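The block underneath contains the structure these notes are about, expressed in structure tokens.
What you see below is based on every heavy atom in this structure, not just the backbone, and it leaves out hydrogens, waters and symmetry mates. Remember, it's a predicted structure, so these values are computed and weren't measured experimentally. Numbering of ligands and ligand atoms starts at 1, following listing order.
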Amino acid sequence: MIRTRFAPSPTGFLHLGSLRTALFNYLFAKHHKGSLILRVEDTDAQRNVPDAERDLESTLHWAGIHPDESPSVGGPYGPYRQSERFATYNEHVRKLVREDKAYKCFASKDEVARLQEAARRTGQKVNYDQLFTRAQRDDLSSRGASHVIRLRVPVDGTTAYDDVIYGRMEFSNGEIEDQVLMRSDGRPTYHLANVVDDRAMNISHVIRGEEWLQSTAKHVLLYEAFGWVPPIFAHLPLLLNKGGGKLSKRNKDVFVDDFRLQGVMSSALVNYVALLGWSPRLTEQRIFTMNQLVGTFSLEDVNRNKPTVDAGQIAWFNKEHLKMAYESPLGSASVIQDMQGLVRKTFSPVSERMISLEYLHQVLEVLIDRISYLPDVLRLGSCFWVEPKSTGEQFRVVSTDYRLILKKSAEKLDACDFVAHNVISLLRNVARDMGVQSKTVLRLIRLAVTGQEVGGQLGLTLEVLGRETVLRRLHAAGEI
Ligand code: GLU
């Protein structure tokens, strides 16, 4: 049974890299009909941020990543918060100490610093255990002296593992510190808690960011100390921004919520993120739904190159997903509902007709090919909800004769079949009759009716606005 886990620390909002880690764990598990476990690694109380766990869960939910076991869903391997599992870590570390695979280290901070400095100078590994004899240790221990517990890492030999993505990873033991497993206040370190839990929760595959490649050697040593077989490891390459640097809060390219607020659809972001590092060998397909991703995903097709996050590409994926949703019977209802919310929030008060599902449908039909994100309709299509505000100066730039053109156009449109193609051909007639270029007339009409130089197809725009509104705006503009 494949069991993967996503193990965030609740220290803030979910960022794009973590979304990718969660997603790959989910896709891999689901592809193999396995389970995804959400485990909250909250042993460092000082770094925990209130509500972060709730935010993480809701962002995962938004993305369509639903863990099979988690603090809120529960499950047979709980509790799923590390802060509720201290007794387990304690029990495990004691066993290692009893077997002399780990030891209590009574060195003070200063002594540790001194040893580390000396080791740096000689290029040798720090030997924390040299400070005290076994008898001294027993004595200090019985007096309850403050200490940490360290793993006894062999001095010689190597520690190796096979990473699904990075291949064979080998580390000389001489370079691996006797890592702290338990802090002096009884809290486990990440290494201990992580390994104990992956074992206790029966995790088959550990899929996580490449920043843990080195630590994994420590984990492998810990598995050996316990006498356990390690899970399979797959580390995912770091995400970079277009400049080749790390993603940063400042560029608003880090947090999933930033993308969400910008109007990126969850299906588009998930599709985009799936392709950060994963390139399916057997297909050229780029647009995937979550189900298709589950069906196609394989860890073997994840490569080692660090992928670049590119806002332009996200826009492209969103455009495709928006169209796809809009064209599907189920998706279209939810797109229109979202649009209703946006319009209501932005242009209130508006009449019920202007936020009716039917009207919003017509408007979106006009704009769908011109937008990447749903909120773009608010800018590009503002004329559908508010009166345009163009100035005489703007009209004059198009034509000094603008008043006459508007008047003639209004006359023609007053009694005609008010459908897109007809309206446009009548406006072309106006141009011909007046001896001006069609594009001048059309540009002027667009400006007068929408207040903008760009937008959806003009004929459709006018048709959806309706004769009454169009004529009212043409008259108003002619008076300026
Ligand atoms: N809590 C670690 C983190 O926040 C988990 C790393 C792992 O997946 O082992 O990244």
Pair Thr189-Gln179, side-chain donor/acceptor within less than 3.5 Å: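 No.
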I need the atoms of ligand 1 closer than 4.0 Å to a non-hydrogen atom of [X], numbered in the order shown.
X: Tyr190; result: 2 (C), 5 (C), 6 (C), 7 (C), 9 (O)
X: Ala7; result: 1 (N), 2 (C), 3 (C), 4 (O), 5 (C)
X: Trp212; result: 2 (C), 3 (C), 6 (C), 10 (O)
X: Glu41; result: 1 (N), 2 (C), 5 (C)
X: Asn194; result: 7 (C), 9 (O)

On the six-membered ring of Tyr223, is Arg199 placed so that its NZ or CZ lies under 6.0 angstrom from the centre and within 45° of the ring axis?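 Not flagged: Arg199 not positioned over aromatic ring of Tyr223.
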Relative to Tyr77, does Arg5 satisfy both conditions: NZ or CZ under 6.0 angstrom from the six-membered ring centre, and within 45 degrees of the ring's axis?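 Judged by the rule (NZ or CZ under 6.0 Å from the ring centre, within 45° of its axis), Arg5 is not positioned above Tyr77.
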Against ligand 1, does Arg5 come closer than 4.0 Å with any heavy atom?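 Judged by the 4.0 Å heavy-atom criterion, Arg5 does count as contacting ligand 1.
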Which pairs with one or both residues in residues 284-303 pass salt bridge (Lys or Arg N to Asp or Glu O under 4.0 Å), sequence neighbours excluded?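 Qualifying pairs: Arg281-Asp301.
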Between His361 and Tyr326, does the ring centroid distance fall short of 6.0 Å?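 Ring-ring flag for His361/Tyr326: true, centres closer than 6.0 Å.
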